[in-house]
Amino acid sequence: MASTSSANGAVAAQTGPTLPPNASRLPQTAQLDALLTIIRDASTPRSDFIFYSDRIIRLLVEEGLNHLPTVPQTVMTPTGFSYSGVSFQGRICGVSILRAGEAMEAGLRECCRSVRIGKILIQRDEETAKPKLFYAKLPEDIAERWVLLLDPMLATGGSAIKAIEVLIENGVKAEQILFLNLIASPEGLANMYSKFPQVKVISAWVDERLDEKSYIIPGLGDYGDRYYSG
Ligand code: URA
């Protein structure tokens, strides 16, 4: 989608679709658009794809952390004065949806020291054609944590819905889940929100639609292939 930017970097023409109440996009700045333009470009080499998508992931994680609750905290500074600030209220963990979600783990670790990260593998069941859980390894105390769910592309929403079901079966409340992705489709958002309206979704960008093979259009192709195999 074409866009023009003003001197302060705000993107003017990128209006995008109306989002469900708990869905949001990163600030649609010219910088973000430029980063996305690089990773969307089919001629971008793998090393650049990794570098620039890592930059977007970092922005997503920083924005995700803005959505976590804080409590007042007062500290003494070296000047001998007190400062009334805040600290995060609860603990967090990441859960990546394999394989592409693993690419987002480093960005989370850069922002959150020693963060626990679980993994979920979901694939299409050959018989039913529905998403099926193949593997899950989650922190044992996940029910007491805020969960940053990581998957770069929200296409049909099938894997995300299955992953959220697994988290809920493990005691996580839907409102404790923040789903971070680089590009979402309107269809995937609608599908996910029809089941889990309380989950917060943060996307860098929301694209136009899915094609008949469930690729996001204009999208960037297969994220896992581009990140892991070039
Ligand atoms: N997964 C991807 O990697 N790309 C898409 O366009 C859709 C799903």
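We number each residue from 1, following the sequence as shown. Read the numbers this way: they start at 1 and go in the same order the structure lists the ligands and their atoms.
Contact annotation: for A100 versus ligand 1, there are no heavy atoms closer than 4.0 Å.
A donor and an acceptor atom, one from each side chain of Y228 and D222, are nowhere located under 3.5 Å apart. Side-chain atoms of S53 and Y223 form a donor-acceptor pair, as typed in the model, at a separation below 3.5 Å.
For atom 3 (O) of ligand 1, the nearest non-hydrogen atom of the protein is Y223 N, 2.7 Å. Protein heavy atom in closest approach to atom 1 (N) of ligand 1: M153 CB, 3.8 Å. When only non-hydrogen protein atoms are considered, atom 8 (C) of ligand 1 lies nearest to A155 CB, 3.7 Å. Nearest non-hydrogen protein atom to atom 6 (O) of ligand 1 is I216 N, 2.8 Å.
Residue contacts with ligand 1: G221 is placed with a nitrogen or oxygen under 3.5 Å of a nitrogen or oxygen of the ligand (distance criterion only). The shortest N or O to N or O distance between G224 and ligand 1 is not below 3.5 Å.
Assignment of S214 to the shell around ligand 1 is supported, since a heavy atom sits closer than 4.0 Å.
We find the CD1-CG distance between I92 and L68 to be 6.5 Å, quoted to the nearest 0.5 Å.
Not a single donor-acceptor pair under 3.5 Å links the side chain of R116 to the backbone N or O of I142. Between the side chain of Y193 and the backbone N or O of V199, at least one donor-acceptor pair lies under 3.5 Å.
Residues S159 and I122 come closest through the heavy atom pair O-CD1, 3.4 Å.
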